[in-house]
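A short write-up of the structure that comes next.
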Amino acid sequence: MAAISLDPRHNLQATKKSSQHGVVLEEIEGLIRVHKDGYVERPPMIPSVPSTLALPPGVVAKDVVIDKFTNLWARIYVPNHPGNLPVIVYFHGGGFCVGSAAWSCYHEFLAKLASQASCVIISVNYRLAPESRLPAAYDDGFKALMWVKQEALNESSEQKWWLSKSNLSSLFIGGDSAGANIAYNVTTQLGSCDPSILRPLSLKGTVLIQPFFGGEARTRSEKCTTQPPYSALTLSNSDAYWRLSLPLGASRDHPWCNPLANSSMAKLRDLRLPSMMVCVSELDILKDRNFELCNALSSMGKRVETTMYKGVGHAFQVLHNYQLSYSRTQELISHVKAFMIKQ
């Protein structure tokens, strides 16, 4: 697939409608504009595509409604591979503020991941900030898991097309960037619950791809990593996403942003967590923060497997904005497959 450009000049869609809403309070150029009167614009920088578009041979994908009242839905990918397959409940990135399970870049990546890693993928389209600030996305993530459980218990005929191919005792939670933050927070929420809450599902592991975290104090990679023009994540964009998604008045040391803040560390120690795979990009401003989380979890005796992808930056696997993106994406898919097989 050709690289997706994050050059905002490609989306010069200043409309009359926008000017009617007056002062702009926050803007991440080309992606989101938030007006003082509460109006939110999201220019269509990345196209949304139907579930049937350009699927790999043998892969079927459909959209399903999880909760019609909150418009929570998912796109499910099922490869035609023998046997019952592991299931990944996956959350897309976008700083909690943009993105969709229907975005072309996620559709292509997850269809390929389902095919090459031999797994069923449930790609969740959760509510976005600032209209629905955190914990809305975490609530949607948890609700999506409970929906999978309910459909399995009901032996739902409507969902048979994917349930019949799924090994629900081999469940994984995953995501990239803000989606990896959701995957992490849903996993830790489950870690504080009675293990029976998921039955008949059994959570075997969590896959965190370039997880989006922050903090008031800057890490070295946040301060010093030089980003190419129109990078998927700059420090100023990161700060804007947190201002728009955290509860009003919260700082970047809120535990949803900074899980290593003092108040969070003590709770982490006592949680029952599955094995975690953390994928770090060498040129990502989040690199040091990702490693700090891995080291903290390992020091508490949690099982963490860390892999670094050299020569690429944030979201390389969906945006293809680095020369090495294709080969590193193939490596990433191989590593996810191997991780699932081991659990």
Side-chain angles (χ1 to χ4, degrees), residues 6 8 11 13-46 48 66-74 91-103 105-106 123-144 175-186 189 210-216 222 231-259 261 285-286 314-315 318:
L6 289 177
N11 286 277
Q13 299 194 0
T15 62
K16 290 180 185 175
K17 197 174 184 183
S18 172
S19 62
Q20 290 168 1
H21 293 275
V23 178
V24 174
L25 290 182
E26 291 278 5
E27 181 171 14
I28 297 171
E29 201 173 358
L31 285 168
I32 188 169
R33 191 179 294 123
V34 181
H35 294 259
K36 190 175 182 180
D37 68 356
Y39 181 70
V40 179
E41 294 176 82
R42 293 182 178 87
M45 175 172 276
I46 297 172
S48 291
I66 294 174
D67 183 352
K68 65 182 179 183
F69 298 107
T70 58
N71 198 28
L72 177 62
W73 60 274
F91 303 99
H92 66 77
F96 303 106
C97 298
V98 298
S100 168
W103 267 12
C105 54
Y106 280 103
S123 175
V124 180
N125 201 72
Y126 53 88
R127 286 171 291 169
L128 298 176
E131 300 95 325
S132 301
R133 288 177 176 266
L134 295 174
Y138 304 149
D139 294 342
D140 288 352
F142 196 83
K143 186 179 285 186
D176 64 281
S177 193
N181 178 302
I182 296 168
Y184 174 85
N185 277 286
V186 171
Q189 185 180 350
Q210 306 137 359
F212 181 50
F213 292 110
E216 288 297 319
E222 285 171 342
S231 167
L233 188 68
T234 63
L235 194 56
S236 61
N237 286 358
S238 172
D239 289 351
Y241 283 135
W242 286 119
R243 285 194 298 271
L244 290 171
S245 58
L246 284 170
L248 289 170
S251 78
R252 290 193 306 273
D253 282 333
H254 189 288
W256 293 336
C257 178
N258 185 1
I285 62 168
L286 299 178
H314 197 76
V318 286

Quick check, are the ring centers of Trp256 and Phe96 under 6.0 angstrom apart? no
Side-chain heavy-atom pair Pro130, Val40 within 4.5 angstrom cut-off: yes
With Pro259 via side-chain contact (heavy atoms from CB on, under 4.5 Å) - residues at least two apart: Tyr184, Phe213, Leu293
What is the distance from atom SG of Cys97 to atom CD1 of Ile28, rounded to the nearest 0.5 Å? 6.0 Å
Scanning both residues in full, the closest heavy-atom pair of Ala137 with Tyr126 reads CB-CD1, 3.7 Å
Are any of the side-chain heavy atoms of Trp103 and Val318 separated by less than 4.5 Å? no
Distance only, no hydrogens: is a donor on one side chain within 3.5 Å (strictly under) of an acceptor on the other, for Tyr138 and Asn181? yes
Do Arg42 and Leu128 touch side chain to side chain, with heavy atoms closer than 4.5 Å? yes
Would Lys143 and Leu72 count as a side-chain contact (heavy atoms from CB on, under 4.5 Å) here? Give the steps. CA-CA 9 Å; Lys143 186 179 285 186; Leu72 177 62; 3.8 Å; yes
Just so I know, are the side chains of Met45 and Leu31 near enough to count as touching, which here means a heavy-atom distance under 4.5 Å? yes
Separation between CD1 of Ile32 and CG of Leu244, rounded to the nearest 0.5 Å: 5.5 Å
Within-4.5 Å side-chain heavy-atom neighbours: Asp67 and Thr70: yes
Using a 3.5 Å distance criterion without hydrogens, assess whether the side chain of Tyr106 forms a donor-acceptor pair with backbone atoms of Gly99. no
Between the main-chain N or O of Trp73 and the side-chain N or O of Asn125, is there a donor-acceptor pair closer than 3.5 Å? no
Assess the residue pair His314 and Ser177 against the criterion (side-chain hydrogen bond (donor to acceptor under 3.5 Å, both in side chains)); give the C-alpha distance rounded to whole Å, side-chain angles, the decisive distance to 0.1 Å, and a yes or no. CA-CA 8 Å; His314 197 76; Ser177 193; 2.8 Å; yes
Kindly indicate whether the side chain of Leu233, heavy atoms from C-beta on, has any atom under 4.5 Å from the side chain of Phe212. yes
For the student: nearest non-hydrogen atoms of Val24 and Glu27, plus distance: CG1-CB, 4.0 Å
Heavy-atom closest pair, residues Cys257 and Gly215: SG-N, 4.0 Å
Side chains of Glu41 and His21 in contact at under 4.5 Å (non-hydrogen atoms): no
Does Asn71 form a side-chain contact (heavy atoms from CB on, under 4.5 Å) with Arg127? I'd like the steps, not just the answer. CA-CA 8 Å; Asn71 198 28; Arg127 286 171 291 169; over 6 Å; no
In terms of heavy-atom contacts, Leu246 and Ser251 come closest through CD1-O, 3.4 Å
Please name all residues satisfying salt bridge (Lys or Arg N to Asp or Glu O under 4.0 Å) with Asp253, sequence neighbours left out, ordered by chain then number. none
Heavy-atom pair with the smallest gap, counting every atom of His254 and Pro247: NE2-CG, 4.2 Å
If only atom types and distance count, is the side chain of Ser238 paired as donor or acceptor with the main-chain N or O of Thr234 below 3.5 Å? no
Are the side chains of Leu25 and His35 in touch, meaning some heavy atoms are under 4.5 Å apart? no
Under the rule for salt bridge (Lys or Arg N to Asp or Glu O under 4.0 Å), what residues qualify as partners of Arg252, not counting sequence neighbours? Glu216, Asp239
To check you understand the geometry: which heavy-atom pair defines the closest contact between Gly175 and Ala180, and what is its length? O-CB, 3.3 Å
